[in-house]
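Just so it is clear: chains get the letters A, B, ... in the order the sequence lines come, proteins before strands, and each one is counted from 1. Hydrogens, waters and symmetry mates play no part in the numbers below; they use all other heavy atoms, side chains included.
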There are 2 protein chains.
Amino acid sequence: MKAQIKSYFNRYVDFNDEEIDAIYSKLEEKTFQKKEFLLKENMICRHNYFILKGIVRLFYIDSKGHEKITLFAIDNWWVTNMESFIKETPSTQYLQAVEDITVLSLSKTTLETLYIEHPKLERLFRIIAENMLIANLRKSDLFLQMKSKERYTFFVEHLSAFAQRVPQYMIASYLEITPEYLSELRRNRH
Amino acid sequence: MKAQIKSYFNRYVDFNDEEIDAIYSKLEEKTFQKKEFLLKENMICRHNYFILKGIVRLFYIDSKGHEKITLFAIDNWWVTNMESFIKETPSTQYLQAVEDITVLSLSKTTLETLYIEHPKLERLFRIIAENMLIANLRKSDLFLQMKSKERYTFFVEHLSAFAQRVPQYMIASYLEITPEYLSELRRNRH
DNA sequence: ATTAAAACTTAAGGTATCTTAAGAAATAAA
DNA sequence: TTTATTTCTTAAGATACCTTAAGTTTTAAT
């Protein structure tokens, strides 16, 4: 467990063993069962989760009562509702385990004190925020340029880690396609 | 000019006058005329621009030769092609002045040295990256939930600073609507 | 003031995608 | 194994939005 996060931390910034230990000791390991919620609508998201194992999804319920998935996250990703976590505002979204998962939980207050004790962490999370931003910009561009069928093909080819582990209706939701239409697209493809 | 950026910097992190002076001295004031390019496709984006005055747009040319605007930026915003700037990869987009503009230009190499000399700047740009991410997530959610007409109404009501200063076909492009259809939507609204 | 260029509008026909509703298949629970 | 639950498929009709093409209005250049 510690090896996993140590390797992750050192990918972006050089931390020595004492720093890793100090930071790691503030992280709380937790497990959630499939379908369990890490966050529900209207709650303020007080934690950022580092996924050690498993898949989670972030979604909201639209005006027609349908779930709309805005993000999937997998092993070695940080996941939270950014807006709620950063601005401490009520979440409009749910964060839910798609499989049984193990995470390291980092609270907002702990993070703030760690930033002061370990300025390097500020750099790490600056880089993480930049990477998240780039990933989100890429996703936006993808949706801007591609039709439904192309999005599905792209997802299957480039995000197969998810494609194999989440049900099709969740893929449809993430790709902004109705499950019925995705089913039709798949049929016409072979 | 210095007052403007000083006020901006201190909104997020407390800098003293010497720090502001040291950082400010590394920023280069530049002007661009309407329609002039700050960045073109295939170039690596080596600068981050703080807009003192004016509006810029970030856009790419799609497979049919149409301009697709992905971002507008205005006074007191940082603007760059994030992916190209951070990863030092060729830009797929153009950055262009919509009006005559004045900016403060910060080069990537300068920024890297400033991070080391002034660790507080790491915090500032961590916060800026988080804010950009939140803004982008909000934009994505907007497009996910709203139909064309609603997006237009939202834009006019919430982003009137832009709505009044950019031509309608650019608004259409940003909202992912054809100019013809936007024209139709406007007609049917009153 | 004239001309040229840029921006906006209108309308007809077409297409991608959604909605609704029902049934089939697969997976999990009893 | 049987039943219940979840997931996936099929099909018909509806609609939001696009494409093309032409004409109008506004703004900029000569």
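Atom CD of A:E150 and atom P of C:dT15 are 17 Å apart (whole Å). For the pair A:K34 NZ and C:dA29 C1', the computed distance is 13 Å after rounding to whole Å. Atom-to-atom, OH of A:Y152 to C1' of C:dT17 comes out at 17 Å; the value is rounded to the nearest Å. If you measure from atom CG of B:L182 to atom P of C:dT9, you get 8 Å, rounded to the nearest angstrom. Protein atom CD of A:E184 is 15 Å distant from nucleotide atom P of C:dT15, rounded to whole Å. Here the P atom of nucleotide C:dA28 and the CD atom of A:E99 are 12 Å apart, to the nearest Å. C:dC8 atom C1' lies 17 Å from atom OH of B:Y181, rounded to whole Å.
Note: B:F50 and B:W77 fail the aromatic proximity criterion, with ring centroids not under 6.0 Å apart. The ring of A:F155 has its center closer than 6.0 angstrom to the ring center of A:Y174. For A:F32 and A:F37, the ring centers sit 6.0 Å or farther from each other.
When heavy atoms are screened at a 4.0 angstrom cut-off, A:S148 is found touching the sugar-phosphate backbone but no base atom. Among the atoms of the strands shown, only primed sugar atoms or phosphate atoms (P, OP1, OP2) are found under 4.0 Å from some heavy atom of B:K64.
Look at B:R186 and you'll find a side-chain N or O under 4.0 angstrom from OP1 or OP2 of C:dT9.
Remark: A:E122 engages B:R123, B:R126 in a side chain to side chain donor-acceptor pair (under 3.5 Å) (not counting sequence neighbours). In this view, B:Q96 and B:R57 satisfy the side chain to side chain donor-acceptor pair (under 3.5 Å) rule, not counting sequence neighbours.
Protein chain B contacts DNA chain D over a range whose 5' and 3' limits, counting nucleotides with an atom under 4.0 angstrom from a non-hydrogen atom, are D:dA16 to D:dA21.
Among the nucleotides C:dT17, C:dT19, C:dT9, the one closest to any side-chain atom of A:T178 is C:dT19.
A:Y60 belongs to a hydrophobic cluster with B:L144, counting contacts under 4.5 Å between side-chain heavy atoms of Ile, Leu, Val, Met, Phe, Trp and Tyr, direct or through other members. Think of A:I44 as one node in a network of Ile, Leu, Val, Met, Phe, Trp and Tyr side chains linked at under 4.5 Å; it has no links at all.
Remark: A:P167, A:Q168, A:Y169 in residues 160-177 of chain A come within less than 4.0 Å of DNA chain D through at least one heavy atom.
Of the residues near DNA chain D, A:E180 and A:K147, the one whose nearest nucleotide (by heavy atom distance) lies more toward the 5' end is A:E180.
Judged purely by atom type and a 3.5 angstrom limit, A:E36 uses its side chain to pair as donor or acceptor with the backbone of A:Q33. The backbone N or O of A:K34 sits less than 3.5 Å from a side-chain atom of A:D100, completing a donor-acceptor pair.
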